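Have a look at the structure below before the remarks.
Just so you know, these numbers use all the heavy atoms, side chains as well, and skip hydrogens, waters and symmetry mates. Bear in mind the structure is a predicted one, so any value in this text is a computation, not a measurement.
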Amino acid sequence: MKEKLISEYVKRMTIDDVNNFALKNGIILKDDEIKLIYDHIKTNWHTIVFGNPRGILDDLKSKLDNNSYQKIEALYVYFKNRYL
């Protein structure tokens, strides 16, 4: 059930949703960074939510501003722990 709900949300998610979520959490991203994160979520959401996202996070770390990456990783850990 949870997997289906997340899948449906990701299908409807837009680039603006990613940007708005980032801004709401104090993260200012460039357009190419927003697109990168959006693409990772759209193609790898199952791994991000249910698997080991270390490879995805490492890729983001190498392509994002360090401050933005640190905030994103902290948010990931926060939400992962909150919804276990």
Side-chain angles (χ1 to χ4, degrees):
M1 177 67 169
K2 180 173 31 173
E3 188 171 341
K4 181 67 174 165
L5 290 172
I6 295 169
S7 173
E8 290 302 315
Y9 178 80
V10 170
K11 285 179 190 175
R12 293 184 185 98
M13 188 179 68
T14 67
I15 287 179
D16 286 337
D17 293 330
V18 173
N19 189 39
N20 291 336
F21 182 80
L23 290 172
K24 179 180 164 189
N25 287 282
I27 305 169
I28 299 171
L29 300 168
K30 298 174 197 158
D31 289 342
D32 60 326
E33 293 174 325
I34 297 166
K35 174 95 170 82
L36 175 68
I37 293 167
Y38 172 81
D39 289 343
H40 271 300
I41 293 170
K42 288 295 244 185
T43 58
N44 301 309
W45 71 267
H46 197 273
T47 301
I48 292 167
V49 175
F50 298 109
N52 181 355
R54 181 49 39 206
I56 297 163
L57 292 171
D58 288 345
D59 183 55
L60 291 175
K61 186 175 187 175
S62 69
K63 296 177 181 172
L64 298 176
D65 170 76
N66 189 50
N67 189 42
S68 296
Y69 173 78
Q70 294 300 322
K71 290 179 182 181
I72 289 168
E73 186 176 41
L75 278 172
Y76 173 78
V77 170
Y78 169 77
F79 283 109
K80 186 76 169 183
N81 289 334
R82 183 173 175 192
Y83 293 106
L84 282 178

field: Stepwise side-chain contact (heavy atoms from CB on, under 4.5 Å) check, Glu3 with Trp45
entry: CA-CA 10 Å; Glu3 188 171 341; Trp45 71 267; 3.8 Å; yes
statement: One should read off an interatomic distance between Glu73 CD and Asp58 CG, to the nearest 0.5 angstrom, of 8.5 Å
Distance in Å, His40 NE2 paired with Thr47 OG1, rounded so as to fall on 0.5 Å steps: 11.0 Å
- request: Determine yes or no for a side-chain-to-main-chain donor-acceptor pair under 3.5 angstrom, with Asn20 supplying the side chain and Asp17 the backbone.
  value: no
Any Glu33 side-chain heavy atom under 4.5 Å of Tyr69 side chain: no
- prompt: About how many Å separate CG of Asp59 and CG of Asn44, when rounded to the nearest 0.5 Å?
  reply: 9.0 Å
- prompt: Are Leu60 and Phe21 connected in the hydrophobic side-chain network, where two residues link if heavy atoms are under 4.5 Å apart?
  reply: yes
- request: Compare every heavy atom of Lys42 with every heavy atom of Arg12, then report the nearest pair and how far apart it is.
  value: N-NZ, 4.3 Å
task: Taking atom CG of Asp31 as the centre, report whether more than 12 heavy atoms of other residues, nucleotides or ligands fall under 6.0 Å from it.
output: no
- request: Without swapping roles, check the side chain of Lys63 against the backbone of Leu36 for a donor-acceptor pair under 3.5 Å.
  value: no
message: Within this structure, what is the CG-NZ distance for the pair Leu64 and Lys71, rounded to the nearest 0.5 Å?
response: 12.5 Å
message: Under a 4.0 Å threshold between the charged nitrogen and the carboxylate oxygen, would Asp39 count as salt-bridged to Lys35?
response: yes
- request: Identify the heavy atoms of Val10 and Ile41 that sit nearest to each other, and give their distance.
  value: CG1-O, 4.0 Å
query: Taking all non-hydrogen atoms of both residues, which atom of Ile28 and which atom of Ser68 are closest, and how far apart?
result: O-OG, 3.7 Å
task: Using the rule that two of Ile, Leu, Val, Met, Phe, Trp, Tyr join whenever any of their side-chain heavy atoms come within less than 4.5 Å, decide whether Tyr9 and Ile34 are in one cluster.
output: yes
field: Whether Lys61 side chain and Asn66 backbone form a donor-acceptor pair below 3.5 Å
entry: no
query: Do Asp65 side-chain atoms and Asn67 backbone N/O form a donor-acceptor pair below 3.5 Å?
result: yes
Distance-only check: which donor-acceptor pairs under 3.5 Å involve side-chain atoms of residues 76-84, not counting sequence neighbours?
| residue | atom | partner | partner atom | Å |
| --- | --- | --- | --- | --- |
| Tyr76 | OH | Ile48 | O | 2.9 |
| Lys80 | NZ | Val49 | O | 2.3 |
| Asn81 | ND2 | Val77 | O | 3.3 |

- prompt: Between Thr14 and Tyr38, which heavy-atom pair has the shortest distance, and what is it?
  reply: C-CE1, 3.5 Å
